[in-house]
*Asks:* 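Here it is, the structure, as structure tokens.
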Number of protein chains: 2
Amino acid sequence: MASRAKATIFDIAREAGVSKSTVSLVLQGSGLIRPETAVKVRKAIEDVGYVYNRGAANLRKAHSNVIGMVINDLTNPFFAELAVGMERVFQSAGIVPFIANTAENPVRQEEVLKSLMEQGVAGLIVSPARGTTPGAFRRLEIAGLPIAFAMRRLPESRIPVIAPDNHRGAYLATAHLVGKGHRRLAFFGGSSDLVVYHERLGGFREACETLGIDARDALIIEGETNRKGGMACLETSLAMAEPPTAALCFNDAVAFGVMLALRKRGLEPGPDFAVVGFDDVVEAEHYMPPLTSVAVDSAGLGERAAHVMIKMIQSRTTRAEDHIGAVNLVVRESCGPDRRTQKRPAPTGAAT
Amino acid sequence: MASRAKATIFDIAREAGVSKSTVSLVLQGSGLIRPETAVKVRKAIEDVGYVYNRGAANLRKAHSNVIGMVINDLTNPFFAELAVGMERVFQSAGIVPFIANTAENPVRQEEVLKSLMEQGVAGLIVSPARGTTPGAFRRLEIAGLPIAFAMRRLPESRIPVIAPDNHRGAYLATAHLVGKGHRRLAFFGGSSDLVVYHERLGGFREACETLGIDARDALIIEGETNRKGGMACLETSLAMAEPPTAALCFNDAVAFGVMLALRKRGLEPGPDFAVVGFDDVVEAEHYMPPLTSVAVDSAGLGERAAHVMIKMIQSRTTRAEDHIGAVNLVVRESCGPDRRTQKRPAPTGAAT
DNA sequence: CTGAAAGCGCTTACAG
DNA sequence: CTGAAAGCGCTTACAG
């Protein structure tokens, strides 16, 4: 069941009784072709079962319409949403977007980048893998390829970034905790090899300072960025002489872990220990209790990143302004009632 | 900051003082080249900052090393795992895998397929979008392109399928419910436009028959395949004159919805109403109560699918045997104690 | 072991 | 408006 020889524009030309050039022009939707001719050619295209050879076209044109999206972890819906948002706008702009996953592995990332380059991409949007070295994109930059970072940035890089306002999100969440009457707070999970960690921790710290929380009462406990990490952080903190009463978590997974660990100890997330997450993944809303979290519009950031990339390609530049996306604290029930008044406020819906 | 003119094999040849052919041979790792020459050429490749032009190579070779993976919903970790599994084996086989998302939209799928064809893929693995018409792949089949379906199949298609044993999974889950003493069971969620639905429902029905459950006691309630659908199914069933006491859910999302709805009515999932999910997503283990579910090895199926595709390409065929992957009932706590003895069994861990 | 030449399927000036 | 010709960057027989 071998494939029949593929039809080329030459076959179309013969079928339609015109020259190759005319066919090519029709394919490109040029206005130079007489309508009857175009119709005739289009019919021939159908008849011979033609499929456009983009490789051949790109070879001649020297710039392709495919762009690469390099994602650190596709199995994480947070990043999958980002990819899907980007894909949506590229698709409708007639650009072919290819998604590649690096599984948070810089070596894989290197390979993926190489593949994409060989494929002749016109641009690259990447959410860099953890542990990416600052020089990893040097060669691509020198080659003049438009690159943008999405969601994550690299320290000391001049590549444009599209990311959420992590600092502000952490600030808002921390302020919410303080507003609830908490005076001894913790920041749970994450580690300093992630730029995002510094951003979120920075917001936490600034809120503590601004709102008069003593630095000794702002505990920072690093840990894995998953449920296990959250559980460990909680245990560590409760073993202290003066445990915190509330925690801002690096992300929702950590927050889920904290709530799990609380339950295991017979403590009620909310009334007994307040917890706030970050990212507002879908499960946050359906957890028990529903998790207060900082919502980040992944898909929206993806769309924005795609637009930035399209503009970079069109204006033949590798520079663009950073875009910091708005964030939004979604208040649910994981922070319990107000501790100062000790009165339960009227139940409120999610503040979307 | 325009890109410098790209180096070609001609530049390398000049730099190394050999001919283009020699460079090409070195690039392909041919054993025909004297080692010293190869070293010299490789140095030149480095020096001129060469990047291989795969498009040009494919044009000449007439068969590419890129394959396309078309996924119905990348934001669903269940399918993302599948993609990641495939990617892993392709990557290490020196094949460039590109992931595309159709967002469960047959029109998008059509576009994506077209793009991939134009890109000259050597093969295609697809998890078809819901509502895909049987003829959607006719053209590609005629063109002789190797195609495999993963996770989902199309009715009346001869394209090989790599999918979990949905029938057996549903059978096992149903038998578990019956073993717990339930005599009036329901199948919640899903609809008949999905082949997977028929497979799972078939397993449910066979188990009921085999284990002596009267057909009138095997309720089937269709619904959306998400939390909302699950909630609706539960409400519908409880409104019946003789409500079921247990349900097998089309997937875990439906099961989560059922548990949510039970809680809302003040009922305890498990003791008051037994629920089993399907897919065993990560949250299943961490739910309250932990959800009993049928585990499907998505990543493993992805790897298998990739191997099948590689074999198809190598043997230049469009045919391959179907592969039905083993499934595994993971018993947790959402089915409560045994209803016949009314004694609570000793708590057991997850049977992985 | 290495080189000269043709050709993969397109696009792009250039004529007409 | 349409055609003839060159060329994009490779690989592949074919000589030597």
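Residue numbers begin at 1 in each chain, while the letters A, B, ... track the order of the sequences.
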*Asks:* Any Lys/Arg nitrogen of B:R138 or B:E156 sitting under 4.0 Å from an Asp/Glu carboxylate oxygen of the other?
*Replies:* no
*Asks:* Could you tell me whether the phosphate oxygens of C:dG3, OP1 or OP2, come under 4.0 Å of any side-chain nitrogen or oxygen in B:S19?
*Replies:*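 Yes, such a contact exists.
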*Asks:* How is A:I33 classified with respect to the nucleic acid when contacts are heavy atoms under 4.0 Å: base, sugar-phosphate, or nothing?
*Replies:* sugar-phosphate
*Asks:* Side chain of B:Y50 only, heavy atoms from C-beta on: which candidate in C:dG3, D:dC10, C:dC10 is closest?
*Replies:* D:dC10
*Asks:* Quick one: does A:L154's side chain get under 4.5 Å of A:P134's, heavy atoms only?
*Replies:* no
*Asks:* Would you say A:T37 reaches D:dT2's phosphate, i.e. side-chain N/O to OP1/OP2 under 4.0 Å?
*Replies:*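 For D:dT2, OP1/OP2 do have a side-chain N/O of A:T37 under 4.0 Å.
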*Asks:* Please determine whether a side-chain nitrogen or oxygen atom of A:Q28 lies at a distance below 4.0 Å from atom OP1 or OP2 of C:dC10.
*Replies:*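 It does not, given that no N or O in the side chain of A:Q28 lies less than 4.0 Å from OP1 or OP2 of C:dC10.
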*Asks:* I need the CZ-C1' distance between A:F10 and C:dG9, as an integer number of Å.
*Replies:*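 The distance from CZ of A:F10 to C1' of C:dG9 comes to 12 Å, rounded to the nearest Å.
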*Asks:* Quick one: label B:Y52 by what it contacts on the DNA or RNA (base, sugar-phosphate, nothing), any heavy atom closer than 4.0 Å.
*Replies:*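 Sugar-phosphate only.
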*Asks:* For D:dT12 and B:S21 - does any side-chain N or O of the residue sit under 4.0 Å from the phosphate oxygens OP1/OP2?
*Replies:*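 No, because none of the side-chain N or O atoms of B:S21 sits under 4.0 Å from OP1 or OP2 of D:dT12.
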*Asks:* Who does D:dG16 pair with, Watson-Crick or G-U, both distances under 3.5 Å?
*Replies:* C:dC1
*Asks:* Ignoring backbone atoms, test whether B:R60 places a side-chain nitrogen or oxygen under 4.0 Å from the OP1 or OP2 oxygen of D:dG9.
*Replies:* no
*Asks:* Would you mind classifying the nucleic acid contact of A:S24 as base, sugar-phosphate or nothing, using non-hydrogen atoms under 4.0 angstrom?
*Replies:* base
*Asks:* For B:E36 and C:dT2, what is the distance between atoms CD and P respectively, to the nearest whole Å?
*Replies:* 8 Å
*Asks:* Please examine the side chains of B:F98 and B:V70, heavy atoms only from C-beta on, and report whether any two atoms are closer than 4.5 Å.
*Replies:*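 No; the side chains remain at least 4.5 Å from each other.
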*Asks:* Separation of A:D11 atom CG from C:dG9 atom C1', in whole Å?
*Replies:*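 About 11 Å, once rounded to whole Å.
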*Asks:* OP1 or OP2 of C:dC10 less than 4.0 angstrom from a side-chain nitrogen or oxygen of A:R54, does that happen here?
*Replies:*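 No, A:R54 has no side-chain N/O under 4.0 Å of OP1/OP2 on C:dC10.
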*Asks:* Need to verify one output field. Residue with the more 5' nearest nucleotide on DNA chain D, A:K20 or B:V23?
*Replies:*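 The answer here is A:K20.
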